[in-house]
Protein chains: 2
Amino acid sequence: MGGVREKKKRQTRKAILDAAITLFASKGYEKTSMEKLAKAAGIGKGTIYRYFHTKSEIFLAFCEEELDFLRQEISQKTDTHKPLLETLVDIFMTNFQYITRNNDFGRVYLRELVFPTKLTVDRTKEMDNRFIMFFIPFFEKAQKRGELRQDLELLFAIGHFYSLYLLTLSAWYSGKLLEEEDVLMLLRMLFKQALTGLAPGPSPSQQLPIANEH
Amino acid sequence: MGGVREKKKRQTRKAILDAAITLFASKGYEKTSMEKLAKAAGIGKGTIYRYFHTKSEIFLAFCEEELDFLRQEISQKTDTHKPLLETLVDIFMTNFQYITRNNDFGRVYLRELVFPTKLTVDRTKEMDNRFIMFFIPFFEKAQKRGELRQDLELLFAIGHFYSLYLLTLSAWYSGKLLEEEDVLMLLRMLFKQALTGLAPGPSPSQQLPIANEH
DNA sequence: GAATAAAAATGACCGCAGTCATTTTTTGTA
DNA sequence: TACAAAAAATGACTGCGGTCATTTTTATTC
């Protein structure tokens with residue numbers, strides 16, 4: 001039968017990821033060499049490359065699992081009836097705390113996620129998708145509650161907030177924000193700005209978003 | 001006299017950057033080794049590291065000059081009386097075209113600029129500042145024309161649009177946008193969203209932004 | 001079970017970024 | 001100009017990420 005091979009492959013993959021978690025956590029990302037990683041996983045160095053394209057892809061795979069878990073936790077503790085602004089600030093702050101728990105990890109992760117290469121683009125797309133999917137219910141509810149314009153494409157609304165989150169992360173990595181509190185304040189401020197809009201009071205037609213003509 | 005040394009250092013620095021421009025342009029960033037770069041600059045490999053911390057910093061320095069030039073060009077051809085939305089779309093699109101002229105260059109540049117390491121953070125801060133300074137006059141005029149809320153901190157308004165620009169770039173590098181036209185459309189859409197706001201019509205008080213109470 | 005083909009594992013090897021002990025050049029001083 | 005001290009330049013060296021020809025393991029066929 002042919003199931004043996006598949007099973008072994010899954011085991012090896014798992015072994016690599018387990019070794020990665022251990023070594024990345026104890027030695028850091030840069031200081032963990034592929035050779036040591038292979039040793040720790042009980043395989044040869046070349047074998048790793050039959051499971052992952054690059055070192056950073058291993059790291060992404062590792063993050064993927066962690067983030068899935070993190071999102072589960074967030075989902076549970078998040079009150080879906082709070083205003084969108086507060087909900088988003090909470091969620092993104094939790095994400096921020098997690099990602100920057102180790103600054104270097106976070107940088108590697110973000111660089112790869114936001115500006116992927118051809119080798120990692122598939123994985124990052126997948127991660128992006130999960131990220132977006134996670135937010136959809138919150139936005140749908142907010143829209144139903146009337147906190148968001150009715151004519152809004154949710155995907156773009158989510159992207160909008162996500163982009164402001166990225167800016168905040170960038171500011172953090174550029175050393176413009178030194179305390180977690182600064183991060184919180186900037187994030188909230190930008191989110192408010194996004195909701196209110198940068199232009200002065202809107203055109204009257206927008207008072208009633210659902211305006212069927214024809 | 002002590003001026004000789006300084007002069008030589010400036011020359012060497014220039015030689016490194018010149019060699020970098022030539023080699024990066026002809027061979028690409030990754031394929032240009034520090035050894036070849038040193039040879040081309042007529043110096044030893046170790047010497048380079050007395051002028052730059054890392055290879056990517058050389059690249060940033062190279063970009064810095066190029067972008068200064070690009071901004072000068074943009075300044076000249078940009079009509080300051082056009083609506084802010086159109087102006088911003090134009091400027092960011094020009095930036096986009098330049099940055100992604102070579103996709104790999106752009107990725108290196110963006111990764112380093114948006115998520116810098118300690119070794120490059122000073123340089124990226126400087127670049128950030130120039131970037132922001134460049135935009136200030138456009139935003140000031142727009143605010144005076146009444147296209148932006150009067151109570152707006154310009155820095156955050158600029159950051160807001162910049163962040164949406166980054167999102168668009170990220171989408172490009174993730175392969176979600178394949179044509180320049182898609183980039184343009186997404187950018188314009190997000191910018192409109194930012195101006196209008198994601199929330200439904202505002203409270204009446206915002207109809208007259210300058211509302212002195214007391 | 002033997003023979004053959006296909007898939008997987010391997011580690012010697014390559015090229016490169018960055019380091020550092022040593023050498024070379026410049027500056028300050030008598 | 002001679003000499004010592006400081007600054008700058010250097011390239012052999014290190015460790016690493018990634019490759020690939022070769023070996024080992026697994027599946028298939030008779």
Side-chain angles (χ1 to χ4, degrees), chain A residues 1-17 19-20 23-24 26-62 104-105 107-108 111-112 116-120 123, chain B residues 1-17 19-20 23-24 26-62 104-105 107-108 111-112 116-120 123:
Chain A
M1 61 170 78
V4 177
R5 212 171 240 177
E6 283 306 309
K7 196 173 175 183
K8 241 190 149 179
K9 279 176 85 175
R10 253 180 292 129
Q11 280 176 349
T12 303
R13 204 192 126 88
K14 183 87 171 24
I16 294 172
L17 280 177
L23 290 182
F24 286 163
S26 63
K27 302 283 176 191
Y29 176 76
E30 317 280 358
K31 301 269 176 176
T32 301
S33 71
M34 292 298 266
E35 212 133 13
K36 281 181 202 156
L37 186 55
K39 269 271 165 52
I43 57 174
K45 179 180 173 179
T47 308
I48 297 183
Y49 290 91
R50 297 189 56 76
Y51 293 83
F52 299 96
H53 291 99
T54 62
K55 191 183 177 186
S56 54
E57 196 189 356
I58 299 175
F59 188 67
L60 282 183
F62 157 63
D104 291 333
F105 281 13
R107 191 186 303 108
V108 175
R111 283 184 173 195
E112 210 64 47
T117 65
K118 270 166 194 130
L119 291 173
T120 48
R123 177 153 261 120
Chain B
M1 61 171 79
V4 176
R5 212 170 240 179
E6 283 307 309
K7 194 172 174 184
K8 239 189 151 182
K9 278 176 87 174
R10 253 179 292 128
Q11 280 176 350
T12 304
R13 205 191 126 88
K14 182 86 170 28
I16 294 172
L17 280 178
L23 289 182
F24 286 165
S26 63
K27 302 284 177 192
Y29 176 77
E30 318 279 359
K31 301 270 176 174
T32 301
S33 72
M34 293 298 266
E35 212 134 13
K36 280 182 203 156
L37 186 55
K39 269 273 165 51
I43 57 174
K45 179 180 174 180
T47 308
I48 296 183
Y49 289 90
R50 297 187 56 78
Y51 293 83
F52 300 95
H53 290 100
T54 62
K55 190 183 177 186
S56 54
E57 197 189 355
I58 300 176
F59 189 65
L60 282 183
F62 157 64
D104 291 333
F105 281 13
R107 191 185 303 107
V108 175
R111 283 184 171 195
E112 210 65 45
T117 64
K118 270 165 193 131
L119 292 174
T120 47
R123 175 152 265 125

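Treat the numbers as computed from the prediction; the structure is a model and nothing was measured. Labels below follow one simple rule: chain letters A, B, ... track the order of the sequence lines, proteins then strands, and each chain is numbered from 1.
Checking side-chain atoms of A:Tyr29 against main-chain N and O of A:Ser56 turns up a donor-acceptor pair under 3.5 Å.
Residues A:His53 and A:Glu57 share a closest heavy-atom pair of N-OE1, 2.6 Å. Residues A:Arg111 and B:Glu112 come closest through the heavy atom pair NH2-OE2, 3.1 Å.
For A:Phe62, the ring-ring contact (aromatic ring centres under 6.0 Å, His included) partners at least two apart in sequence or on another chain are A:Phe59. B:Ala61 is linked by a side chain to side chain contact (heavy atoms under 4.5 Å, CB included) to B:Arg13, B:Leu17, B:Phe52, B:Arg123, counting only residues two or more places apart in sequence or in another chain. Under the side-chain hydrogen bond (donor to acceptor under 3.5 Å, both in side chains) criterion, B:Thr117 pairs with B:Thr120, not counting sequence neighbours. Judged as a salt bridge (charged side-chain N to carboxylate O under 4.0 Å, His left out), and not counting sequence neighbours, A:Lys27 has no contacts.
Rounded to the nearest 0.5 angstrom, B:Leu60 CG and B:Thr54 OG1 are separated by 7.5 Å.
Atom P of nucleotide D:dC16 and atom NZ of A:Lys27 are separated by 12 Å, given to the nearest angstrom. The interatomic distance linking A:Lys36 (NZ) with D:dC16 (C1') rounds to 10 Å, in whole Å. Taking atom NZ of A:Lys31 as the reference point, atom P of D:dT14 lies 17 Å away to the nearest angstrom. Atom CZ of A:Arg13 is separated from atom P of C:dA8 by 15 Å (rounded to the nearest Å). Between A:Ile43 atom CD1 and C:dA7 atom P the separation is 20 Å, expressed in whole Å. Atom pair A:Glu30:CD and C:dA17:C1' shows a separation of 12 Å (rounding to whole Å applied). Summarising the geometry, the separation between OH on B:Tyr29 and P on C:dC16 is reported as 13 Å, rounded to the nearest angstrom. A straight line from CD1 of A:Ile48 to P of D:dC16 spans 13 Å, rounded to a whole angstrom.
For D:dT26, one of the phosphate oxygens OP1 or OP2 lies less than 4.0 angstrom from a side-chain nitrogen or oxygen of A:Lys8.
Listed nucleotides: D:dG17, D:dT10, C:dA17. Nearest to the side chain of A:Met34: D:dG17. When the nucleotides D:dA9, C:dA17, D:dG18 are ranked by their closest atom to the side chain of B:Thr12, D:dA9 comes out on top.
The aromatic rings of A:Phe24 and A:Phe105 sit perpendicular to each other, their planes meeting at more than 60°, with 30° as the lower class boundary.
Comparing the helix axis at one end of the helix from C:dG1-D:dC30 to C:dA30-D:dT1 with that at the other, each defined from 5 consecutive pairs, gives an inter-axis angle of 0° (nearest 10°).
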Any N/O pairs under 3.5 Å between the protein and nucleotides 12-14 of chain C? List them or say none.
none

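Within a heavy-atom distance below 4.0 Å of DNA chain C, the residues of residues 50-58 of chain B found are B:Thr54, B:Lys55.
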Distance-only donor-acceptor pairs under 3.5 Å for side chains of residues 32-48 of chain A, two or more places apart:
residue: A:Thr32; atom: OG1; partner: A:Leu23; partner atom: O; Å: 3.4
residue: A:Thr32; atom: OG1; partner: A:Gly28; partner atom: O; Å: 2.6
residue: A:Ser33; atom: OG; partner: A:Lys36; partner atom: N; Å: 3.2
residue: A:Thr47; atom: OG1; partner: A:Gly44; partner atom: O; Å: 3.4

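Residue contacts for A:Ser33: at a heavy-atom cut-off of 4.0 Å it reaches the sugar-phosphate backbone alone, with no base atom in range.
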